J.: 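The structure that follows is given in the form of C-alpha coordinates.
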Amino acid sequence: MKYIYALTLLLISSAAVASEAVVQERLGQYRTQGAGDFDAARGQALWQQEHMQVKLGKQVNCASCHSANLQQAGKHMRTGKRIEPMAPSVNPDRLNDAEKIEKWFTRNCKWTWGRECTAQEKGDILTFLQSK
Amino acid sequence: MKQKKYWGILLLSGCLTLSMATLAWTEDGEGEGHERHERGFLHQAADIGPITNKAYKTECSACHFAYPAGFLPERSWVKIMNNLDDHFGENAELNDKTRLVITDYLRTHAADRLPNRFSRSMLRSVDAGATPLRISETPYFRHKHREIPARMVTGNPKVGSFSNCLSCHSGADKGSFDEHGVTIPGFRQWED
(Lines give C-alpha, C1' and ligand atoms only; values in the text may rest on other atoms or scores of the structure.)
Protein backbone atom coordinates (compact mmCIF):
# COMPACT_ATOMS: atom_id res chain seq x y z
CA MET A 1 0.00 0.00 0.00
CA LYS A 2 2.77 2.37 0.97
CA TYR A 3 4.35 1.61 -2.34
CA ILE A 4 1.25 2.87 -4.19
CA TYR A 5 1.22 6.13 -2.19
CA ALA A 6 4.86 6.67 -2.94
CA LEU A 7 4.32 6.01 -6.62
CA THR A 8 1.32 8.38 -6.77
CA LEU A 9 3.30 11.08 -5.00
CA LEU A 10 6.18 10.57 -7.38
CA LEU A 11 3.88 10.82 -10.40
CA ILE A 12 2.20 13.99 -9.13
CA SER A 13 5.47 15.67 -8.22
CA SER A 14 7.13 14.74 -11.50
CA ALA A 15 4.14 16.22 -13.39
CA ALA A 16 4.44 19.46 -11.43
CA VAL A 17 8.17 19.53 -12.11
CA ALA A 18 7.55 18.95 -15.81
CA SER A 19 5.33 22.03 -16.15
CA GLU A 20 7.59 24.10 -13.88
CA ALA A 21 10.66 23.41 -16.03
CA VAL A 22 8.82 24.22 -19.26
CA VAL A 23 7.30 27.41 -17.83
CA GLN A 24 10.69 28.59 -16.53
CA GLU A 25 12.22 27.95 -19.95
CA ARG A 26 9.41 29.96 -21.61
CA LEU A 27 9.79 32.84 -19.14
CA GLY A 28 13.52 32.92 -19.84
CA GLN A 29 12.77 33.07 -23.55
CA TYR A 30 10.28 35.95 -23.07
CA ARG A 31 12.91 37.90 -21.12
CA THR A 32 15.27 37.67 -24.07
CA GLN A 33 12.43 39.16 -26.13
CA GLY A 34 12.35 42.25 -23.93
CA ALA A 35 9.98 41.28 -21.10
CA GLY A 36 10.70 42.29 -17.50
CA ASP A 37 9.54 40.61 -14.29
CA PHE A 38 6.40 38.51 -14.41
CA ASP A 39 3.42 38.87 -12.14
CA ALA A 40 0.56 36.40 -11.54
CA ALA A 41 -1.87 39.19 -10.54
CA ARG A 42 -1.23 41.01 -13.82
CA GLY A 43 -1.72 37.68 -15.61
CA GLN A 44 -5.06 37.21 -13.90
CA ALA A 45 -6.19 40.71 -14.93
CA LEU A 46 -5.26 39.91 -18.54
CA TRP A 47 -7.12 36.59 -18.29
CA GLN A 48 -10.29 38.45 -17.33
CA GLN A 49 -9.91 41.44 -19.65
CA GLU A 50 -12.78 41.61 -22.11
CA HIS A 51 -12.36 42.29 -25.81
CA MET A 52 -14.76 42.61 -28.70
CA GLN A 53 -14.70 39.44 -30.83
CA VAL A 54 -15.61 40.90 -34.23
CA LYS A 55 -16.87 37.72 -35.91
CA LEU A 56 -19.09 36.89 -32.94
CA GLY A 57 -20.11 40.47 -32.20
CA LYS A 58 -19.64 39.75 -28.48
CA GLN A 59 -17.35 40.72 -25.62
CA VAL A 60 -15.13 37.77 -24.79
CA ASN A 61 -12.27 36.92 -22.47
CA CYS A 62 -10.19 33.82 -21.75
CA ALA A 63 -12.76 32.61 -19.23
CA SER A 64 -15.47 32.64 -21.93
CA CYS A 65 -14.20 29.21 -22.98
CA HIS A 66 -11.79 28.15 -20.22
CA SER A 67 -14.19 28.85 -17.32
CA ALA A 68 -13.52 31.40 -14.57
CA ASN A 69 -12.36 28.62 -12.25
CA LEU A 70 -9.13 27.25 -13.72
CA GLN A 71 -9.45 24.01 -11.80
CA GLN A 72 -12.68 23.23 -13.60
CA ALA A 73 -13.23 22.20 -17.20
CA GLY A 74 -14.41 24.89 -19.58
CA LYS A 75 -16.65 24.78 -22.61
CA HIS A 76 -15.97 26.32 -26.00
CA MET A 77 -18.53 29.10 -26.36
CA ARG A 78 -19.27 28.31 -30.01
CA THR A 79 -18.74 24.58 -30.50
CA GLY A 80 -19.57 23.45 -26.97
CA LYS A 81 -16.48 21.28 -26.90
CA ARG A 82 -15.24 20.43 -23.41
CA ILE A 83 -11.91 22.08 -22.54
CA GLU A 84 -9.96 20.34 -19.80
CA PRO A 85 -8.93 22.44 -16.75
CA MET A 86 -5.99 24.81 -17.28
CA ALA A 87 -4.54 24.48 -13.75
CA PRO A 88 -1.46 22.20 -13.75
CA SER A 89 -2.33 21.23 -10.16
CA VAL A 90 -5.39 19.30 -11.36
CA ASN A 91 -4.38 18.63 -14.98
CA PRO A 92 -0.80 17.39 -15.40
CA ASP A 93 -1.12 17.67 -19.20
CA ARG A 94 -1.01 21.47 -18.96
CA LEU A 95 2.03 23.68 -19.59
CA ASN A 96 4.44 20.81 -20.16
CA ASP A 97 5.00 21.34 -23.89
CA ALA A 98 6.53 24.60 -25.13
CA GLU A 99 5.35 24.15 -28.70
CA LYS A 100 1.79 23.56 -27.58
CA ILE A 101 1.91 26.63 -25.32
CA GLU A 102 3.02 28.85 -28.20
CA LYS A 103 0.53 27.36 -30.63
CA TRP A 104 -2.40 28.14 -28.37
CA PHE A 105 -1.08 31.59 -27.44
CA THR A 106 -0.97 32.47 -31.13
CA ARG A 107 -4.45 31.14 -31.85
CA ASN A 108 -6.20 32.36 -28.75
CA CYS A 109 -4.59 35.80 -28.48
CA LYS A 110 -5.57 36.50 -32.08
CA TRP A 111 -9.10 35.12 -31.70
CA THR A 112 -9.83 36.66 -28.31
CA TRP A 113 -7.89 39.92 -28.47
CA GLY A 114 -7.61 40.36 -32.24
CA ARG A 115 -3.79 40.54 -32.03
CA GLU A 116 -0.79 38.54 -30.87
CA CYS A 117 0.14 38.75 -27.20
CA THR A 118 3.46 40.38 -26.26
CA ALA A 119 6.22 38.42 -24.52
CA GLN A 120 5.37 40.31 -21.30
CA GLU A 121 1.68 39.39 -21.49
CA LYS A 122 2.42 35.74 -22.24
CA GLY A 123 4.84 35.55 -19.31
CA ASP A 124 2.32 37.13 -16.91
CA ILE A 125 -0.43 34.76 -18.05
CA LEU A 126 1.82 31.69 -17.76
CA THR A 127 2.88 32.75 -14.26
CA PHE A 128 -0.78 33.11 -13.31
CA LEU A 129 -1.72 29.69 -14.77
CA GLN A 130 1.24 27.93 -13.19
CA SER A 131 0.21 29.31 -9.75
CA LYS A 132 -3.17 27.56 -9.99
CA MET B 1 -24.63 -36.33 -68.73
CA LYS B 2 -22.92 -35.75 -65.43
CA GLN B 3 -20.43 -33.45 -67.10
CA LYS B 4 -23.20 -31.44 -68.76
CA LYS B 5 -24.82 -30.87 -65.41
CA TYR B 6 -21.48 -29.73 -63.97
CA TRP B 7 -20.96 -27.15 -66.70
CA GLY B 8 -24.53 -25.99 -66.31
CA ILE B 9 -24.08 -25.30 -62.62
CA LEU B 10 -20.79 -23.55 -63.23
CA LEU B 11 -22.37 -21.28 -65.84
CA LEU B 12 -25.32 -20.50 -63.59
CA SER B 13 -23.12 -19.62 -60.62
CA GLY B 14 -20.95 -17.47 -62.89
CA CYS B 15 -24.01 -15.53 -64.07
CA LEU B 16 -25.20 -15.07 -60.48
CA THR B 17 -21.85 -13.70 -59.35
CA LEU B 18 -21.76 -11.26 -62.22
CA SER B 19 -25.28 -10.00 -61.69
CA MET B 20 -24.68 -9.53 -57.96
CA ALA B 21 -21.52 -7.58 -58.63
CA THR B 22 -23.48 -5.36 -61.00
CA LEU B 23 -26.15 -4.88 -58.35
CA ALA B 24 -23.54 -3.88 -55.79
CA TRP B 25 -22.22 -1.32 -58.22
CA THR B 26 -25.57 0.23 -59.11
CA GLU B 27 -26.75 0.40 -55.52
CA ASP B 28 -24.29 3.11 -54.71
CA GLY B 29 -24.68 5.51 -57.61
CA GLU B 30 -28.41 5.89 -57.18
CA GLY B 31 -29.02 7.28 -60.61
CA GLU B 32 -26.67 10.23 -60.41
CA GLY B 33 -25.09 9.48 -63.76
CA HIS B 34 -22.87 6.44 -63.60
CA GLU B 35 -19.40 6.85 -64.75
CA ARG B 36 -17.37 3.70 -64.94
CA HIS B 37 -13.85 4.41 -64.03
CA GLU B 38 -10.87 2.86 -65.73
CA ARG B 39 -9.88 1.01 -62.55
CA GLY B 40 -13.24 -0.79 -62.39
CA PHE B 41 -15.38 -1.54 -59.40
CA LEU B 42 -13.46 -4.63 -58.33
CA HIS B 43 -10.59 -2.45 -57.17
CA GLN B 44 -12.69 -0.17 -55.00
CA ALA B 45 -12.26 -0.42 -51.26
CA ALA B 46 -15.52 -0.74 -49.35
CA ASP B 47 -14.57 1.79 -46.66
CA ILE B 48 -12.94 5.17 -46.79
CA GLY B 49 -10.36 3.82 -44.33
CA PRO B 50 -8.86 5.21 -41.11
CA ILE B 51 -6.70 8.33 -40.79
CA THR B 52 -3.11 7.24 -41.24
CA ASN B 53 -1.28 10.47 -40.46
CA LYS B 54 -0.36 11.15 -36.85
CA ALA B 55 0.01 14.93 -37.18
CA TYR B 56 -3.38 15.24 -38.87
CA LYS B 57 -5.04 13.09 -36.24
CA THR B 58 -3.43 14.86 -33.29
CA GLU B 59 -3.81 18.44 -34.47
CA CYS B 60 -7.28 18.30 -35.96
CA SER B 61 -8.97 16.03 -33.46
CA ALA B 62 -7.76 18.33 -30.68
CA CYS B 63 -10.86 20.36 -31.61
CA HIS B 64 -13.16 18.23 -33.77
CA PHE B 65 -13.64 14.86 -35.41
CA ALA B 66 -10.76 14.35 -37.87
CA TYR B 67 -12.62 14.02 -41.15
CA PRO B 68 -11.35 11.51 -43.70
CA ALA B 69 -9.34 13.25 -46.40
CA GLY B 70 -11.22 11.23 -49.02
CA PHE B 71 -14.42 13.17 -48.37
CA LEU B 72 -13.24 16.35 -50.11
CA PRO B 73 -11.34 16.99 -53.32
CA GLU B 74 -7.72 18.10 -53.17
CA ARG B 75 -8.56 21.72 -54.06
CA SER B 76 -10.83 21.94 -51.01
CA TRP B 77 -8.12 20.79 -48.61
CA VAL B 78 -5.63 23.23 -50.12
CA LYS B 79 -8.07 26.10 -49.57
CA ILE B 80 -8.84 25.01 -45.99
CA MET B 81 -5.17 24.63 -45.11
CA ASN B 82 -4.36 28.05 -46.58
CA ASN B 83 -6.93 29.76 -44.36
CA LEU B 84 -6.29 28.27 -40.93
CA ASP B 85 -6.29 31.74 -39.35
CA ASP B 86 -10.02 31.86 -40.12
CA HIS B 87 -11.05 28.22 -39.82
CA PHE B 88 -14.86 28.40 -39.84
CA GLY B 89 -14.63 31.41 -37.53
CA GLU B 90 -11.85 30.00 -35.32
CA ASN B 91 -8.14 30.60 -35.39
CA ALA B 92 -6.47 27.23 -36.02
CA GLU B 93 -3.02 28.40 -37.12
CA LEU B 94 -0.22 25.84 -37.12
CA ASN B 95 3.53 26.22 -37.41
CA ASP B 96 4.76 25.91 -41.00
CA LYS B 97 6.30 22.47 -40.54
CA THR B 98 3.14 20.85 -39.17
CA ARG B 99 0.92 22.68 -41.64
CA LEU B 100 2.94 21.36 -44.58
CA VAL B 101 2.95 17.78 -43.26
CA ILE B 102 -0.83 17.83 -42.84
CA THR B 103 -1.47 19.57 -46.17
CA ASP B 104 0.62 16.95 -47.91
CA TYR B 105 -1.32 14.11 -46.26
CA LEU B 106 -4.69 15.64 -47.12
CA ARG B 107 -3.72 16.30 -50.74
CA THR B 108 -2.41 12.81 -51.36
CA HIS B 109 -5.47 11.18 -49.72
CA ALA B 110 -8.12 13.51 -51.15
CA ALA B 111 -11.23 12.27 -52.95
CA ASP B 112 -9.63 12.69 -56.36
CA ARG B 113 -6.73 10.44 -55.31
CA LEU B 114 -8.56 7.49 -53.74
CA PRO B 115 -10.39 4.62 -55.43
CA ASN B 116 -12.99 3.90 -52.72
CA ARG B 117 -16.70 4.23 -53.48
CA PHE B 118 -17.36 7.08 -51.02
CA SER B 119 -14.70 9.29 -52.54
CA ARG B 120 -15.88 8.49 -56.05
CA SER B 121 -19.49 9.31 -55.26
CA MET B 122 -18.50 12.45 -53.38
CA LEU B 123 -16.37 13.66 -56.25
CA ARG B 124 -19.06 12.97 -58.83
CA SER B 125 -21.54 15.05 -56.85
CA VAL B 126 -19.35 18.16 -56.70
CA ASP B 127 -19.27 20.64 -59.59
CA ALA B 128 -15.89 20.80 -61.30
CA GLY B 129 -15.82 24.55 -60.67
CA ALA B 130 -16.82 24.33 -57.00
CA THR B 131 -14.49 24.11 -54.01
CA PRO B 132 -16.63 22.93 -51.09
CA LEU B 133 -15.24 23.62 -47.63
CA ARG B 134 -17.79 21.68 -45.62
CA ILE B 135 -18.33 17.97 -46.28
CA SER B 136 -21.88 18.38 -44.95
CA GLU B 137 -22.70 20.84 -47.75
CA THR B 138 -21.72 18.59 -50.65
CA PRO B 139 -24.61 17.21 -52.74
CA TYR B 140 -23.51 13.62 -51.98
CA PHE B 141 -23.64 14.19 -48.23
CA ARG B 142 -27.04 15.89 -48.47
CA HIS B 143 -28.39 13.12 -50.64
CA LYS B 144 -27.20 10.45 -48.22
CA HIS B 145 -28.75 12.25 -45.23
CA ARG B 146 -31.91 13.50 -46.94
CA GLU B 147 -34.22 11.25 -44.92
CA ILE B 148 -32.86 12.27 -41.53
CA PRO B 149 -35.11 14.90 -39.95
CA ALA B 150 -33.55 17.92 -38.22
CA ARG B 151 -34.94 16.87 -34.83
CA MET B 152 -32.59 13.86 -34.87
CA VAL B 153 -29.50 15.97 -35.53
CA THR B 154 -29.52 19.75 -35.04
CA GLY B 155 -32.47 19.51 -32.65
CA ASN B 156 -30.89 16.57 -30.82
CA PRO B 157 -28.68 17.73 -27.92
CA LYS B 158 -26.71 14.48 -28.10
CA VAL B 159 -25.73 15.21 -31.71
CA GLY B 160 -26.07 18.96 -32.32
CA SER B 161 -24.72 19.10 -35.84
CA PHE B 162 -24.14 17.06 -38.98
CA SER B 163 -20.43 17.67 -38.46
CA ASN B 164 -20.32 15.30 -35.46
CA CYS B 165 -19.95 12.12 -37.55
CA LEU B 166 -19.02 9.93 -34.60
CA SER B 167 -22.25 10.71 -32.70
CA CYS B 168 -24.16 8.40 -35.04
CA HIS B 169 -21.60 6.58 -37.23
CA SER B 170 -20.08 4.34 -34.58
CA GLY B 171 -17.24 3.23 -36.86
CA ALA B 172 -16.41 6.71 -38.18
CA ASP B 173 -13.09 6.90 -36.36
CA LYS B 174 -12.05 3.72 -38.13
CA GLY B 175 -13.15 5.09 -41.48
CA SER B 176 -16.37 3.11 -41.64
CA PHE B 177 -19.47 5.07 -42.63
CA ASP B 178 -21.60 2.13 -43.60
CA GLU B 179 -25.25 2.77 -42.86
CA HIS B 180 -25.51 -0.48 -40.87
CA GLY B 181 -23.27 1.00 -38.19
CA VAL B 182 -25.55 4.00 -37.63
CA THR B 183 -27.24 4.59 -34.29
CA ILE B 184 -28.79 7.99 -33.62
CA PRO B 185 -28.56 8.72 -29.88
CA GLY B 186 -32.00 8.99 -28.33
CA PHE B 187 -33.65 7.22 -31.27
CA ARG B 188 -34.01 3.56 -32.07
CA GLN B 189 -31.67 2.00 -34.60
CA TRP B 190 -31.81 3.93 -37.83
CA GLU B 191 -33.10 1.95 -40.77
CA ASP B 192 -33.20 3.28 -44.26
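These figures come from a predicted structure and were not determined experimentally. Within every chain, numbering begins at 1; the chains are lettered A, B, ... in the order of the sequence lines, protein sequences first and strands thereafter. For the numbers below, each heavy atom of this structure counts, side chains included, while hydrogens, waters and symmetry mates do not.
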J.: Could you give all pairs that pass the disulfide (SG to SG under 2.5 Å) test and reach residues 103-132 of chain A, with sequence neighbours left out?
T.: Cys109(A)-Cys117(A)

J.: Please enumerate all residues that pass ring-ring contact (aromatic ring centres under 6.0 Å, His included) together with Phe162(B), with sequence neighbours excluded.
T.: Phe141(B), His145(B)

J.: Counting only N and O atoms by type, is there a donor-acceptor contact under 3.5 Å from the side chain of Asp127(B) to the main-chain atoms of Gly129(B)?
T.: no

J.: By the rule that ILVMFWY residues connect when side-chain heavy atoms come within less than 4.5 angstrom, directly or transitively, which residues belong alongside Met52(A)?
T.: none

J.: Tabulate, with distances rounded to 0.1 Å, every donor-acceptor pair spanning chain A and chain B at under 3.5 Å.
T.:
residue	atom	partner	partner atom	Å
Glu59(B)	OE1	Lys103(A)	NZ	2.5
Glu59(B)	OE2	Lys103(A)	NZ	3.4
Ala62(B)	O	Lys81(A)	NZ	2.9
Phe88(B)	O	Arg78(A)	NH1	3.0
Phe88(B)	O	Arg78(A)	NH2	3.0
Gly89(B)	O	Trp111(A)	NE1	2.9
Glu90(B)	OE1	His76(A)	NE2	3.0
Glu90(B)	OE2	Arg78(A)	NH1	2.6
Ala92(B)	O	Arg107(A)	NH2	3.2
Glu93(B)	O	Arg107(A)	NE	2.8
Glu93(B)	O	Arg107(A)	NH2	3.3
Glu93(B)	OE1	Lys110(A)	NZ	3.2
Glu93(B)	OE2	Lys110(A)	NZ	2.8

J.: Quick one: do Ile80(B) and Leu106(B) satisfy side-chain contact (heavy atoms from CB on, under 4.5 Å)? Show the steps, please.
T.: CA-CA 10 Å; Ile80(B) 289 170; Leu106(B) 291 170; over 6 Å; no

J.: Checking the side chain of Tyr105(B) only, and the main-chain atoms of Thr52(B) only, is there a donor and an acceptor separated by less than 3.5 Å?
T.: yes

